[in-house]
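All remarks here apply to the structure that follows.
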Amino acid sequence: MEQPTLLSLSSSFTCDWTYDVFLSFRGTDTRNNFTGNLYNSLQHQRGIQTFIDDEEIQKGEQIKATLLQAIKESRIFIAIISPNYASSTFCLTELVTILECCKSQGRLFLPVFYDVNPSQIRNITDTYAEAFAKHEVRFGDEKEKVQKWRDALHQAANMSGWHFKPGSESEYKFIEKIVEEVSIKINRIPLHVANKPVGLESRVLEVTSLLGLESDESVNMVGIYGIGGIGKSTTARAVHNLIADQFEGVCYLADIRERSTNHDLAQLQETLLSEILGEKDIKVGDVHKGISIIKRRLQRKKVLLILDNVNKEKQLQVLAGGHDWFGFGSKIIITTRDKHLLATHGIVKLYEVKQLEDEKALDLFSWHAFKNNFFDPGYVDIAKHAVSYCHGLPLALEVIGSQLFGKSLSVWKSSLDKYERVIRKDIHEILKVSYDDLEENEKDGIQELTDKCLMKIDVNGRVRMHDLIQDMGREIVRQESTLEPGRRSRLWFSDDIVHVLEENKGTDTIEVIIACLRKGRKVKWCGNAFGKMKNLRILIIRNAQFSIGPQIFPNSLTVLDWSGYESSSLPSDFNAKNLIILNLPENRLRCFESLKVFEKLNFLDFEGCKFLTEIPSLSRLPNLGALCLDYCTSLIRIHDSVGFLDRLVLLSAQGCTQLESLVPSINLPSLETLDLRGSSCLVSFPEVVGVMENIKDLYLDQTALEQLPFTIGNMVGLQRLFLRGCQGMIRLPSYILPKFEIITSYGCRGFQSSEDKENVSPKVFANAICVYNDYGQSYLNLFARYITSNNIIEICSPRCESEFLAFDPSSGRMSWDKLICNKSSLRFWFRKKFPIIALSCNVEPEKHLDNMVLDFKLTVVINGTKHLTSSCRYIFYTQKTTDQMLCCDLQCKADGVFSENGWNHVEILCEMEHLMPCDSTRSVAYQYWTTKNILKGSFIYVYSDNEEDDYSLISNPDFPLSTEQKFQEDYFLQMKQVLIESGTRRDAVPDLVPRETKA
């Protein structure tokens with residue numbers, strides 16, 4: 001059988017059929033003999049409701065609406081496939097429609113091969129070949145239709161059915177066999193699914209998909225799990241009704257949990273065998289014999305077995321102990337509240353039944369509360385409130401909806417108010433079953449509660465619980481002491497908490513307090529009420545005001561979570577040796593001493609503390625995993641020990657607007673996230689003195705940082721560096737950066753640095769590049785990516801003297817005989833000693849971006865040999881478009897290394913590129929970057945303290961003037977154009993004439 005689809009499933013699993021059997025046949029072949037006799041036996045002799053088309057001849061291939069309706073309303077289809085069946089386009093179209101219905105709605109198809117062999121149909125031979133030859137001629141333009149007919153016949157020929165050859169056996173007895181099997185199928189009583197099946201279609205489809213109905217090659221076991229009242233059994237019953245006809249034997253064992261309490265398991269084995277085999281009074285004696293009998297009698301039968309509400313592994317062991325107990329194609333479904341039970345039995349195909357979505361939940365509630373989907377508009381809001389309270393639990397929607405049916409609006413309101421205080425008893429009892437099944441030592445275990453579907457752990461690691469499960473738990477606690485809240489293990493109702501604190505009614509029974517008081521309510525107490533609560537483990541206070549601060553905390557506390565803690569310090573005698581979580585957001589602590597007794601502390605949160613100025617030593621907190629200091633706006637110092645907490649995973653100091661430095665150095669091997677965004681005065685980033693493999697995200701948005709230290713390369717695990725909203729420039733030590741993404745803009749992904757495969761020299765020219773722009777000047781480090789062994793060419797910051805300032809090409813004040821310029825490549829000649837020169841590059845930023853990743857590269861080639869290749873990468877932030885000028889000096893630190901008598905040729909190559917990801921919605925690797933050259937011009941200026949006879953900016957002195965004349969003229973024209981493009985006033989650019997070549 002093929003997998004059912006969502007289309008019109010409800011009529012199948014609710015068994016809303018008009019006909020038990022639909023007959024498809026070729027009238028001229030079998031109407032007046034075999035088909036007529038079969039119809040008579042089914043309809044008149046056995047009373048099986050059977051549809052047969054009364055018309056003698058159907059013309060064309062279109063199916064009438066009445067016939068299509070009959071197909072939709074039929075439970076079983078029997079196709080009498082005879083020699084001339086394929087000659088009728090109507091029969092072929094009808095067959096296609098029937099098989100589509102079987103696929104979409106899980107109906108049973110039974111073929112009768114009347115005087116034909118299935119291989120003849122499958123391979124389209126003999127009369128079938130003749131028929132399709134005519135169809136292909138007639139429907140030459142409708143090849144898809146003809147192919148559908150072929151596919152339908154092929155599918156039918158592969159299905160298990162009956163074979164009849166006229167004259168080979170008694171037609172009467174053959175028909176009796178068909179009628180008997182049909183009788184067995186339709187005599188299986190459909191299970192009641194629900195008065196109002198809402199939201200079942202998708203659930204049924206999920207389960208049937210897991211069952212693998214399209215294959216009979218194996219035995220499949222599927223577990224359906226979920227909380228009580230969620231609809232596990234309802235889903236299983238719907239699946240039963242949908243697919244039961246496909247199996248030789250079927251058994252639905254309802255509520256095994258309850259039945260195994262009142263009856264022994266051997267009786268359940270007997271019921272299972274009786275229902276599947278159709279035999280009465282089967283006795284197995286004991287469960288061990290029963291196991292052997294089940295395996296022997298059923299291992300060759302294709303069965304559907306549903307075990308409902310299982311709660312013990314023993315039940316599965318004796319009723320469906322293994323896949324080899326049943327025949328190929330068998331499907332076993334188990335419903336339970338215990339997910340772990342399914343895993344223990346080796347069931348891996350699981351379906352969790354989840355709560356109804358709001359629209360479906362309102363539909364189900366309305367049907368029970370109003371007996372239809374339409375109701376008085378005055379009830380709309382309160383109906384939605386009721387649905388919200390039920391939180392998608394079908395049981396609650398049905399129970400509460402039925403209880404409110406016909407009641408006035410005032411009764412609705414009072415009833416819902418009552419339910420929110422105390423859960424309805426009938427709902428409570430059903431939900432409490434899972435809790436009652438737990439052993440005492442399991443009731444405090446997270447995994448055990450999760451296995452019983454009493455809670456969940458979401459993808460973020462947070463505990464989630466259905467609201468009504470939570471109400472069920474609260475009712476269990478309330479029953480501990482219905483009159484005195486101070487004798488309960490947990491307190492959460494604000495009135496109960498205020499009563500216990502103000503009246504000092506606390507006892508050592510109390511383990512948990514969660515207080516969330518209404519705004520403006522103040523607790524008037526003595527401050528000592530917690531002293532009696534010797535076993536208090538969790539204290540959570542929200543939105544509460546107290547007449548005085550607490551004078552004592554019990555040493556049993558593991559969680560202290562107090563929002564707006566008003567005292568300036570913790571109680572002096574508080575021994576926090578058991579404390580794991582200390583969460584005091586928006587507290588009024590001004591300072592606190594070194595935390596000496598907090599050895600177990602894992603989480604420390606002082607978010608929003610406006611008065612805290614200093615964090616003391618945390619060296620005695622070896623287990624600290626998270627430290628949150630967000631928006632501590634008065635914080636100015638953090639103790640150095642914070643940089644050396646081995647187990648710290650999260651360090652966050654967002655919005656600490658007075659903090660200039662985090663700590664001098666860090667070695668945090670477990671750290672995954674460091675968040676300093678919005679700390680607008682932060683100008684110093686710590687040295688990374690140890691390898692940090694686990695770091696993933698570093699947030700430095702909206703800080704005042706200008707550079708990152710070289711040692712940031714020790715953050716080898718870094719994946720994302722956030723530098724959004726910064727102003728000015730941030731210098732990146734790119735030669736040591738690991739491969740990670742750099743995010744510089746909000747709303748899009750960032751750039752990705754790359755691991756350069758070239759050999760990288762450790763040589764760094766510190767503060768060698770001076771960057772001038774409208775914001776002033778700043779300095780960048782330049783990193784040597786290649787340098788010769790003699791290491792004689794140096795790059796250093798430019799001289800700050802009037803001569804250099806006169807070098808500004810846009811000022812109009814130049815010594816033209818000491819200047820050369822070009823777009824990117826500059827060349828000159830020298831002898832004896834490499835001259836001290838100034839290099840300037842003019843950059844035009846992109847006009848539509850507020851930040852740029854700029855990559856500057858500088859290469860020096862002398863006499864055809866590359867002596868130096870260096871680069872720097874930096875991020876430039878600006879809120880307005882401004883040109884930039886990058887300047888540096890080049891000099892040689894040794895004499896006599898080049899030819900002293902001959903002339904040495906120098907070529908300086910400058911590149912400035914703006915790097916952009918190809919796709920701003922995702923990060924891209926370095927080789928997929930697009931680059932844009934934004935260099936407007938490059939300039940060399942020879943300082944006046946160089947001997948003029950020992951350098952030439954235009955021509956090679958070894959060549960006569962005539963051979964260089966044309967080159968010089970072209971060069972000066974190009975130089976003039978570069979100067980103008982770089983912003984030099986036209987009237988300041990003279991008609992440049994080559995200087996006479998030096999001897």
Side-chain angles (χ1 to χ4, degrees), residues 540-546 548-550 553 560-572 574 576 579 581-598 601-621 624-645 648-666 668 671 673-687 698-706 722-728:
I540 300 176
I541 305 292
R542 297 276 191 272
N543 302 326
Q545 293 182 330
F546 292 79
I548 61 172
F553 281 139
L560 176 54
D561 184 344
W562 192 316
S563 179
Y565 182 79
E566 295 180 318
S567 296
S568 60
S569 63
L570 297 174
S572 58
F574 176 39
L579 199 64
I581 295 176
L582 178 59
N583 186 26
L584 300 177
E586 300 180 358
N587 65 69
R588 293 182 175 272
L589 293 176
R590 295 185 178 273
C591 63
F592 56 96
E593 296 181 1
S594 180
L595 305 177
K596 297 179 180 179
V597 292
F598 288 58
L601 195 66
N602 178 264
F603 183 90
L604 179 59
D605 186 351
F606 286 160
E607 179 181 352
C609 179
K610 307 296 184 184
F611 306 98
L612 192 65
T613 60
E614 182 178 348
I615 299 297
S617 173
L618 303 184
S619 58
R620 301 290 296 274
L621 277 62
L624 191 65
L627 175 60
C628 181
L629 304 171
D630 295 347
Y631 307 106
C632 292
T633 52
S634 299
L635 185 65
I636 58 174
R637 185 177 183 275
I638 297 176
H639 193 272
D640 296 358
S641 61
V642 171
F644 298 91
L645 298 170
L648 195 67
V649 176
L650 169 67
L651 174 54
S652 183
Q654 295 184 43
C656 295
T657 53
Q658 300 299 315
L659 190 66
E660 296 183 0
S661 173
L662 183 66
V663 288
S665 56
I666 57 173
L668 300 168
L671 194 70
T673 302
L674 176 55
D675 194 344
L676 302 173
R677 70 184 107 173
S679 293
S680 53
C681 289
L682 191 73
V683 295
S684 174
F685 190 85
E687 294 288 338
L698 175 57
Y699 294 88
L700 300 176
D701 308 303
Q702 300 173 341
T703 61
L705 289 169
E706 293 186 354
F722 295 85
L723 296 169
R724 300 165 297 187
C726 298
Q727 292 296 321

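These numbers were taken from a predicted model, which means no experiment stands behind them.
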Taking all heavy atoms of A626 and all of L648, pick out the closest pair and write down the distance. N-CD1, 3.7 Å
So, for C681 and T657, which heavy atoms are closest and what is the spacing to 0.1 Å? SG-O, 3.1 Å
Test L651 against L645 for side-chain contact (heavy atoms from CB on, under 4.5 Å), laying out the working first. CA-CA 10 Å; L651 174 54; L645 298 170; over 6 Å; no
Verdict with reasoning, R677 to Q654, per side-chain contact (heavy atoms from CB on, under 4.5 Å): CA-CA 5 Å; R677 70 184 107 173; Q654 295 184 43; 3.7 Å; yes
Is any side-chain heavy atom of [X] closer than 4.5 Å to a side-chain heavy atom of [Y]?
X	Y	answer
T673	Y699	yes
L560	Y565	no
I638	L629	yes

With distance as the sole test, does [X] use its side chain to make a donor-acceptor pair with the main-chain N or O of [Y] at under 3.5 Å?
X	Y	result
S641	L618	yes
D701	R724	yes
S679	C656	yes

L668/L674 under side-chain contact (heavy atoms from CB on, under 4.5 Å): CA gap, chis, key distance, verdict: CA-CA 10 Å; L668 300 168; L674 176 55; over 6 Å; no
Interatomic spacing from [atom1] in [X] to [atom2] in [Y] - rounded to 0.5 Å:
X	Y	atom1	atom2	value
I541	N583	CD1	CG	12.5 Å
Q658	S680	CD	OG	8.0 Å
D630	T633	CG	OG1	12.0 Å

Inspect the contact between R588 and E566 and indicate whether a charged nitrogen and a carboxylate oxygen are less than 4.0 angstrom apart. no
Taking the inter-plane angle between the rings of F574 and F553 on a 0 to 90° scale, is it parallel (under 30°), tilted (30 to 60°) or perpendicular (over 60°)? perpendicular
Any chance you could lay out the side-chain contact (heavy atoms from CB on, under 4.5 Å) test for F644 and S665, step after step, and finish with the verdict? CA-CA 8 Å; F644 298 91; S665 56; 3.5 Å; yes
